[in-house]
Amino acid sequence: MTEKVGDVEQRINKLEVLRQSGINPYPNDFTVKNTAKEVTDSCIGLDKEALEAKGETAILAGRIMAFRDFGKASFLHIQDRTGKIQVYIKKDLIGENAFKIFKNCDVGDIIGIEGRVFRTKTNELTVEAKDIRLLAKALLPLPEKWHGLTDVETRYRRRYLDLIVNPEVKDVFIKRTQIIRLIRDFLNMRDFVEVETPMFQSIPGGAAARPFKTHHNALDIDLFLRIAPELYLKRLVIGGFERVYEINRNFRNEGISTQHNPEFTMLEFYLAYATFEDLMTLTEEMITSIARKICGTFKIEYQGQTIDLTPPWQRISVKDAILKYSNADNDIFTDKKMAVDFAKKIGIDLPEGFSHGKIILEIFERTAEPKFIQPTFVTHYPIEVSPLSRKNEKDPTIVDRFELLVCGREIANAFSELNDPIDQKQRFVQQIKEKEAGDTEAHLMDEDFVMALEYGMPPTAGEGIGIDRLVMLLTNSASIRDVILFPQLRPERI
RNA sequence: GAGCCGCUAGCUCAGAUGGUAGAGCAACGCCCUUUUAAGGCGUGGGCCCCGGGUUCGAAUCCCGGGCGGCUCACCA
């Protein structure tokens with residue numbers, strides 16, 4: 001190879017060498033019998049002699065992660081789904097032909113190995129190959145063994161590489177699926193039924209957010225990707241699914257950040273004949289039972305802070321939180337003018353037409369929300385910002401709702417559902433007014449949903465939990481992109 | 001959307017004040033049959049993110065653009 005040859009060309013050359021000696025570089029007839037972990041587990045506690053006596057053998061496959069080459073012998077590490085294990089290749093043992101194949105293997109190739117398990121001088125458990133098969137030739141080199149792949153853009157764009165090279169990344173995603181499975185187990189055990197409701201909605205409802213718009217050609221109608229499943233799940237409660245949930249994607253056409261991805265996974269569940277207070281207890285049970293299994297403790301580390309999940313969690317109303325964490329006066333809650341003045345005083349820009357409740361919420365978010373590092377149920381939100389929640393019996397300006405805050409972030413949002421169809425209709429009407437006043441995220445009127453309520457919905461409590469954020473918390477991940485396999489990025493342009 | 005930072009070999013990174021691009025790992029060749037980032041000797045490898053400008057000369061300075069990260073805004 002005297003002329004300029006890149007890594008890929010070199011590997012294609014090797015591939016040709018193999019083909020010409022009758023070796024298929026992409027065969028499909030190797031039967032794997034063991035995994036790296038099985039081999040390791042079965043030899044735990046066995047010293048060199050005991051292992052020798054046992055005569056353990058293994059047939060396994062994996063990707064070559066590293067070579068330590070000695071000419072006529074070589075050590076390599078191969079990696080399968082369970083981890084890494086060392087392989088020893090000796091020319092004497094595998095023979096001339098197999099050794100020739102091996103010499104045309106590179107880091108990154110996928111191989112199959114059969115051999116005896118032994119311990120080396122340094123006591124590392126090793127499979128001594130008596131046969132080697134190339135199962136898939138890699139044409140591109142893997143990132144460097146020592147520093148690995150750290151460039152975040154490459155890690156997100158080529159997640160497969162990230163997963164091959166950074167084991168802790170794979171761990172996070174395995175934990176993610178475990179968390180979701182535990183949630184399903186938790187709800188299924190309590191007689192909840194899992195359902196799927198439309199992603200395409202002609203009236204995007206159930207949350208305050210801007211939707212993605214698309215078009216159905218055959219029907220010739222505009223459709224919206226859902227921003228929440230809420231209104232469909234409540235229709236199911238009306239239909240008799242007294243305990244129902246969905247774990248699925250929501251889509252919101254908004255900014256991207258360490259906390260936001262345009263598509264994200266949401267758990268929503270509804271429990272008939274329950275109140276938002278019942279859901280606080282249920283939420284504590286659900287999240288602590290998951291933390292126990294995933295983290296093994298209630299005192300978890302998140303980005304340098306220790307979060308104590310030991311129940312019961314603090315409960316505080318929006319009003320009390322504002323009074324506690326700011327020098328606001330009591331009458332901001334009864335007098336909109338006072339609320340406006342106070343908001344301005346603490347530097348909040350208020351667009352025209354903000355409702356009293358929205359101003360209160362702004363004040364809460366500015367003064368109190370970031371203070372709730374330890375898990376806290378913040379309760380009783382203003383009615384204007386909660387158009388689907390049940391009005392509080394004693395104070396009609398607030399609703400029976402809570403948000404669960406951890407590290408100053410919303411993990412869950414829940415309320416006693418509004419099941420009075422006339423009240424619901426009025427709330428929608430109020431939202432329309434706010435939309436007309438310029439609020440792009442105000443809810444839309446959904447007549448069909450109101451009609452469903454007119455058939456009667458049992459008193460019900462409902463909750464949404466942002467799965468991505470829960471996973472971030474339980475895996476100590478700083479960015480939502482670290483818990484979503486393929487986070488949204490701009491396409492690369494040349 | 002705004003501000004700050006980054007983009008140089010497959011990967012991780014150096015390249016003051018402008019002088020024509022380097023290291024380690026990976027790769028290739030030779031030696032080496034128990035290594036652990038194996039070792040020794042040798043070799044090749046670059047649209048320095050893109051486009052303009054200044055200059056005798058730009059990876060470096062200036063302007064514009066692209067992509068990414070973080071912070072803020074918006075939100076969950």
Side-chain angles (χ1 to χ4, degrees), chain A residues 1-11 13-14 48 64-77 84 86-94 99 103 106-108 118-124 126 128 138-158 161 165-166 206-210 227-228 250-268 348-349 351 361-362 365-366 403-405 409-413 439-441 464-470 472 478-482 487 489-494:
Chain A
M1 275 170 248
T2 49
E3 57 196 1
K4 197 171 119 177
V5 180
D7 288 326
V8 177
E9 283 87 338
Q10 276 174 2
R11 287 175 180 229
N13 287 344
K14 290 180 181 176
K48 220 169 163 162
I64 301 173
M65 299 304 289
F67 271 112
R68 283 177 295 280
D69 195 70
F70 287 87
K72 293 185 185 62
S74 191
F75 287 94
L76 42 152
H77 272 109
K84 288 182 194 172
Q86 181 165 266
V87 172
Y88 183 46
I89 305 279
K90 208 156 57 155
K91 190 176 177 182
D92 295 355
L93 200 65
I94 65 169
F99 197 71
K103 278 295 171 188
D106 290 290
V107 170
F118 76 110
R119 283 192 193 278
T120 62
K121 276 182 188 168
T122 51
N123 218 30
E124 178 160 350
T126 302
E128 184 185 54
L139 299 183
L140 287 168
L142 249 31
E144 189 226 337
K145 62 185 171 190
W146 189 239
H147 300 91
L149 179 66
T150 60
D151 180 81
V152 282
E153 185 173 356
T154 311
R155 285 186 44 225
Y156 296 150
R157 289 196 197 278
R158 293 193 268 196
L161 268 189
V165 163
N166 297 320
R210 287 158 63 192
I227 53 176
N250 287 351
F251 306 87
R252 299 192 184 174
N253 203 342
E254 283 155 359
I256 293 174
S257 76
T258 50
Q259 315 289 319
H260 302 89
N261 196 63
E263 51 181 311
F264 62 101
T265 302
M266 184 79 133
L267 159 69
E268 277 200 20
I348 298 174
D349 277 343
L361 186 63
E362 291 285 331
E365 283 172 358
R366 176 66 67 97
E403 286 193 4
L404 170 62
L405 300 182
R409 297 175 186 168
E410 182 188 333
I411 298 290
N413 178 23
D439 185 349
T440 53
E441 286 162 0
I465 297 182
I467 297 297
D468 312 278
R469 289 184 178 179
L470 180 63
M472 285 169 71
S479 170
I480 199 168
R481 294 179 204 102
D482 295 325
L489 299 179
R490 267 203 168 81
E492 279 181 293
R493 275 202 276 169
I494 307 157

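All figures in this text were calculated on a predicted structure; none of them were measured in a lab.
The side chain of A/Thr258 contributes no N or O atom lying less than 4.0 Å from OP1 or OP2 of B/C70.
Legend: residues meeting ring-ring contact (aromatic ring centres under 6.0 Å, His included) with A/Phe70, ordered by chain and number and at least two apart, are absent. Qualifying salt bridge (Lys or Arg N to Asp or Glu O under 4.0 Å) partners for A/Glu124, counting only residues two or more places apart in sequence or in other chains: none. Residues meeting the ring-ring contact (aromatic ring centres under 6.0 Å, His included) test with A/Phe264, sequence neighbours left out: none. A/Arg409 is linked by a side-chain contact (heavy atoms from CB on, under 4.5 Å) to A/Gln259, A/Tyr302, A/Met472, counting only residues two or more places apart in sequence or in another chain. Under the rule for a side chain to side chain donor-acceptor pair (under 3.5 Å), A/Asn261 has no partner lying at least two apart in sequence or in another chain. The side-chain contact (heavy atoms from CB on, under 4.5 Å) search around A/Leu489 returns A/Tyr156, A/Arg157, not counting sequence neighbours. Residues passing the salt bridge (Lys or Arg N to Asp or Glu O under 4.0 Å) test with A/Asp69, sequence neighbours excluded: A/Lys103. Among residues two or more places apart in sequence or in another chain, the salt bridge (Lys or Arg N to Asp or Glu O under 4.0 Å) test is passed with A/Arg155 by A/Asp162, A/Asp482. Residues satisfying the side-chain contact (heavy atoms from CB on, under 4.5 Å) test with A/Glu441, not counting sequence neighbours, are A/Ala208, A/Arg210, A/Glu254, A/Asp439.
Across all strands shown, B/U60 forms no Watson-Crick or G-U wobble pair with both distances under 3.5 Å. When Watson-Crick and G-U wobble pairs are counted only if both distances are under 3.5 Å, B/U55 pairs with no nucleotide at all. B/U36 makes up no base pair with any nucleotide shown, lacking Watson-Crick or G-U wobble contacts both under 3.5 Å. Across all strands shown, B/G42 forms a Watson-Crick or G-U wobble pair with B/C28, both key distances being under 3.5 Å. Searching all strands for a Watson-Crick or G-U wobble partner of B/C47 with both distances below 3.5 Å returns nothing. B/G6 and B/C67 make up a base pair, with Watson-Crick or G-U wobble contacts both under 3.5 Å.
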I'd like a list of close polar pairs between nucleotides 38-40 of chain B and the protein, N/O only, cut-off under 3.5 Å.
residue, atom, partner, partner atom, Å
B/A38, OP1, A/Lys145, NZ, 2.2
B/A38, OP2, A/Arg68, NH1, 3.0
B/A38, N7, A/Asp69, O, 3.3
B/A38, N6, A/Asp69, O, 3.1

Give every pair of a protein N or O atom and an N or O atom of nucleotides 4-7 of chain B that lie under 3.5 Å apart, one pair per line with the distance.
none

Which protein N or O atoms sit under 3.5 Å from an N or O of nucleotides 49-51 of chain B?
none

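Nearest heavy-atom pair across A/Gly71 and A/Phe99 is O-CZ, 3.2 Å. Considering all non-hydrogen atoms of both residues, A/Ala207 and A/Ala228 come closest at CB-CB, 4.1 Å. A/Ile227 and A/Arg252 get closest at one heavy-atom pair: O-NH2, 2.7 Å. Of all the heavy atoms in A/Asp7 and A/Pro141, the pair that sits closest is OD2-CG, 3.9 Å.
Within 4.0 Å of A/Tyr88, counting heavy atoms only, lies at least one base atom of the nucleic acid. At a threshold of 4.0 angstrom between heavy atoms, the contacts of A/Leu140 with the nucleic acid are absent. If you check every strand for non-hydrogen atoms under 4.0 Å, A/Gly148 touches sugar and phosphate atoms only. Backbone-only engagement by A/Glu441 is indicated by non-hydrogen atom pairs under 4.0 Å involving sugar-phosphate atoms exclusively. Counting non-hydrogen atoms under 4.0 angstrom, A/Arg481 reaches the backbone sugars and phosphates but no base.
When the C1' atom is used for both B/U60 and B/A16, the distance is 10 Å, rounded to whole Å. Separation of the C1' atoms belonging to B/C62 and B/U55 is 12 Å when rounded to the nearest angstrom. Nucleotides B/C41 and B/G24, compared at atom P, are 11 Å apart to the nearest Å.
Rounded to an integer number of Å, the gap from A/Leu142 CG to B/U12 C1' is 14 Å. One interatomic measurement links the two molecules: CG of A/Leu149 to P of B/G68, which rounds to 16 Å at whole-angstrom precision. Distance, A/Met65 CE to B/A26 P: 14 Å, rounded to whole Å.
In this structure, the nucleotide among B/C67, B/C32, B/A26 sitting nearest to the side chain of A/Lys72 is B/C32. The listed nucleotides are B/C28, B/C70, B/C11; the one nearest the side chain of A/Asp106 is B/C28. The side chain of A/Trp146 has B/A37 as its nearest neighbour among B/G68, B/A37, B/U36.
No hydrogens or angles were tested; on distance alone, nothing pairs the side chain of A/Thr150 with the base of B/U12 as donor and acceptor under 3.5 Å. Counting distance only, with no hydrogens placed and no angle test, the side-chain atoms of A/Glu144 and the base atoms of B/U12 include no donor-acceptor pair under 3.5 Å. The base of B/U35 sits within donor-acceptor range of the side chain of A/Gln86, with an N or O pair under 3.5 Å.
Glycosidic conformation at B/A26 (O4'-C1'-N9-C4 for purines, O4'-C1'-N1-C2 for pyrimidines): anti, more than 90° from 0.
Checking each of A/Thr154, A/Asp151, A/Leu161, A/Thr150 against A/Pro143 for a side chain to side chain contact (heavy atoms under 4.5 Å, CB included) leaves exactly one that passes, namely A/Leu161.
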